[in-house]
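What follows is one structure encoded as structure tokens, with my remarks underneath.
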Amino acid sequence: MATTDRQATTLALAHALSAAERGLAVIPLSRTKLPALRSPHRDAPVPAPCHGECGRLGHGVHDASSDPARIRELFAAAPWATGYGIACGLPPHHLIGLDLDVKTGTDSSAALRELALRHLFTIPPTVVIVTPSGGRHLWLSGPSEVVVPNSAGRLAPGIDIRGAGGYLVGPGSRTGQGVYAAAPGTAHLAPAPCPRSLLRLL
Ligand SMILES: [Zn+2]
């Protein structure tokens with residue numbers, strides 16, 4: 001078991017470094033998909049407004065980096081990590097994640113198609129990550145001047161948006177539910193620009 005976990009951590013680090021090579025900033029995640037490093041301020045009587053200014057690790061998505069040395073440092077501090085998160089909203093891609101859920105009773109793919117018809121946009125070929133539950137994450141890039149907020153179910157039932165301050169579980173991550181993987185034929189793509197009429201809805 002311990003060996004398996006160590007392998008999972010090594011694998012997660014390798015995938016995280018590969019994402020960083022594409023300009024994506026990453027943090028280690030635990031099996032629960034939460035940031036693997038706990039806040040150094042967790043025992044503070046009032047929540048600290050610190051985003052890493054204290055110089056320690058453990059500030060969630062604010063730790064995210066695309067610098068290989070920094071990523072190795074993050075993973076060395078979190079040897080229980082089995083996955084990694086990709087920070088949204090940061091240059092150069094200003095990543096936006098469309099999280100299409102497959103909870104019973106919602107057909108989020110159909111909801112997205114309906115939105116596309118109504119607002120006259122098409123989703124361009126882009127990176128698609130398949131989640132262990134069969135959901136999909138569509139990666140899009142945003143313009144630098146627009147801050148896309150995170151939202152859950154606001155666009156349509158079953159569609160969550162990961163924007164500034166949010167993160168996406170990266171492909172190759174192992175969680176308690178299983179492994180996240182790029183959909184066939186999409187791993188080599190760059191995040192496609194978010195259609196303007198979709199951007200206005202976010
Ligand atoms: Zn701090």
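In listed order, ligands and their atoms are each counted from 1. Numbering starts at 1 and runs along the sequence shown.
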Is the H137 ring parallel, tilted or perpendicular to the Y180 ring (thresholds 30°, 60°)? tilted
Taking side-chain contact (heavy atoms from CB on, under 4.5 Å) as the definition, give me every residue that meets it alongside T32, ordered by chain and number, with sequence neighbours left out. S30, L34
What are the protein N, O or S atoms, given as residue plus atom name, that sit under 2.8 Å from the Zn ion (ligand 1)? H41 NE2, C50 SG, C54 SG, H59 NE2
Do the side chains of D101 and I159 get nearer than 4.5 Å, heavy atoms only? no
Are I96 and L199 close enough that some pair of their side-chain heavy atoms sits under 4.5 Å apart? yes
By side chain to side chain donor-acceptor pair (under 3.5 Å), which residues pair with R70, not counting sequence neighbours? E73
With sequence neighbours excluded, residues passing side chain to side chain donor-acceptor pair (under 3.5 Å) with S109: R136
